[in-house]
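Every number for a ligand or one of its atoms is a count from 1 in the order of the listing.
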Amino acid sequence: MNHSFENTLEFASNCDKNDKLAAFKDQFILPVNQHNLPQIYFCGNSLGLQPKTAKEAINVELEDWGKWGVEGHFHGRKPWFHYHKFLTEFAAEVVGAKPIEVVVMNQLTVNLHLLLVSFYRPSKERYKIIMEAGAFPSDMYAIESQVKHHGFSYNDAVIEIEPREGEFTLRTEDILEVIEQNKNEVAVVFFSGVQYYTGQYFNIPEITKKAHEVGAIAGFDLAHAAGNIQLQLHDWDVDFAAWCTYKYLNSGPGNVSGIYINEKHCTNPETPRFAGWWGYQENKRFLMQKGYLPENGAAGWQLSNAPVFGMAVHLASLEIFNKAGIQNLRAKSLVLTDYLEFILNEAKKTNANLSFEIITPSSERGAQLSLLTDNKGKALFDHLTNSNIIADWREPNVIRIAPAPLYNSFEDVYHLGQAFNHFQG
Ligand SMILES: *Cc1c(COP(=O)(O)O)cnc(C)c1O
């Protein structure tokens, strides 16, 4: 961190005046408290805010359904027959992929299973999966059930990498070493992009390179990375990835997921997969013939026809990302999160009631900072909530705070610091 920050309202408001992305805040609906005051929202890592364009996007589809009935598949303003295509380019832009490598479909955990069907192809010798310890529960259960499905035991087939004694996050060198140690047995290296609990941004290109060096597949769950950091999945040669769209991507609770499959795999019709009619070659889909012929690219992994209402909201959100530019968002995010770190450290200096440690590595992070607290942690979290600030609490003892560059301001961060100053312990 190399800024001359100040802990004053004037400084924060000047930063906002100079922020070219500041106006995007107006495109979102801010939740309000019981006195109808807008809350300061730092929870975009869990559920992003609603774009004001979301309602209209759903309305368009409701109207077309009303007007056209089944004919909406071909005559709607955005024909449902190939609705996913309206999203592909924007989604590819967000994750640094070629459009052929991306499709939006299903939900995240479903997609992880589908991708593991394609890319976890264990043999007697090469069957292990290497992942971070303490992964998001859904990922742990997905991996556990996959290895059992193939007849392996969890303890034998899954290698979880733990931080070193006294440390909270993983060192890249240790990850690479575990891959090396298991070079003849590892089938898939599967990591999150940004760790949900610690906020650590893993070194995706290094992990991918090492996995390939030993003959393994590299896959990533980008739930906390998509829309947060600047990904370059294609250039990094990642094999597969999936993400949800309701966190930094602001597309609404439980909404659809995106997948990425590297060009070399997704354009090969022989790449194994579970199939459904919507992934069938589009020009022959309605011939209803026997024998699966996949659409070229990631689109050939689709199973069902698209859930258009959810997709419409995701599209509305992706249009905002396209206007703001992921590169600009990341540039702002880096400074905003550095400012958050500065403000939190200032509060710790002034208020002796505060005891927490920021465990998110300063050189490897997205928007989120994770504060490891002590037995007063829950009280601190409740104090923030009572101060009109929405952060989130993760058992056993972490407060996560994530300033989202699309709708959080430097003033938001300043006010958060004031709330920390007033904590009485
Ligand atoms: C949020 C999150 C999920 C959620 O999965 P859903 O299938 O969308 O419910 C899964 N994995 C990770 C790493 C997450 O952060």
Side-chain angles (χ1 to χ4, degrees), residues 42-49 87 91 94-95 103-117 119-120 129-146 158 160-161 169-170 175 188-204 207 218-229 231 233 238 240-260 274 301-304 306-307 309-311 313-314 317 359-360 364-370 391-395 398-402 404:
F42 285 114
C43 231
N45 57 339
S46 185
L47 184 72
L49 291 182
L87 291 83
V94 168
V95 297
V103 73
V104 175
M105 62 179 200
N106 311 319
Q107 286 153 294
L108 173 54
T109 308
V110 173
N111 285 339
L112 291 177
H113 277 298
L114 292 175
L115 290 165
L116 287 163
V117 161
F119 295 105
Y120 178 53
I129 297 181
I130 296 179
M131 65 192 294
E132 85 250 26
F136 191 88
S138 206
D139 298 47
M140 290 197 278
Y141 308 146
I143 296 289
E144 176 185 347
S145 54
Q146 284 281 337
V158 181
E160 296 182 1
I161 310 183
T169 52
L170 294 178
I175 299 172
V188 173
V189 178
F190 180 73
F191 268 73
S192 55
V194 174
Q195 225 280 341
Y196 84 100
Y197 190 75
T198 64
Q200 179 175 20
Y201 171 14
F202 291 117
N203 193 326
I204 298 174
I207 293 171
F220 293 86
D221 181 333
L222 303 174
H224 280 262
N228 176 15
I229 54 183
L231 296 157
L233 297 182
V238 167
F240 72 87
W243 55 94
C244 55
T245 60
Y246 49 80
K247 290 172 180 167
Y248 292 97
L249 290 174
N250 307 321
S251 301
N255 207 350
V256 286
S257 156
I259 67 162
Y260 155 93
F274 280 177
W301 266 256
Q302 294 173 101
L303 300 183
S304 298
F309 301 125
M311 300 275 276
V313 177
H314 184 37
S317 173
I359 58 170
T360 311
E364 294 181 323
R365 67 189 181 198
Q368 169 188 327
L369 294 185
S370 298
D392 88 359
W393 174 257
R394 277 288 169 273
E395 295 292 343
V398 157
I399 295 174
R400 303 186 305 176
I401 303 170

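Of the possible polar contacts, none joining the T245 side chain to the S257 backbone as a donor-acceptor pair under 3.5 Å is found. In this structure, the side chain of Q200 does not engage the main chain of E364 through any donor-acceptor pair within 3.5 Å.
The shortest non-hydrogen separation linking S192 to E132 is OG-OE2, 2.7 Å. Closest of all the heavy-atom pairs between V256 and P307 is CG1-CG, 3.7 Å.
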| message | What verdict does the side-chain contact (heavy atoms from CB on, under 4.5 Å) test give for I175 and F202, after you've listed the backbone C-alpha separation in whole Å, the side-chain angles of each residue and the deciding distance to 0.1 Å? | response | CA-CA 10 Å; I175 299 172; F202 291 117; 4.0 Å; yes
When you check ligand 1 against the protein, what N or O pairs turn up below 3.5 Å? List the atom names and distances, or just say none.
from	atom 1	to	atom 2	distance (Å)
ligand 1	5 (O)	T109	OG1	3.3
ligand 1	7 (O)	T109	N	2.9
ligand 1	7 (O)	T109	OG1	2.6
ligand 1	8 (O)	Y246	OH	2.5
ligand 1	11 (N)	D139	OD1	2.7
ligand 1	11 (N)	D221	OD2	3.0
ligand 1	15 (O)	H224	NE2	3.3
ligand 1	15 (O)	K247	NZ	2.5

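Applying the ring pair (Phe, Tyr, Trp, His ring centres under 6.0 Å) test to Y120 and every residue at least two apart in sequence or in another chain returns H150.
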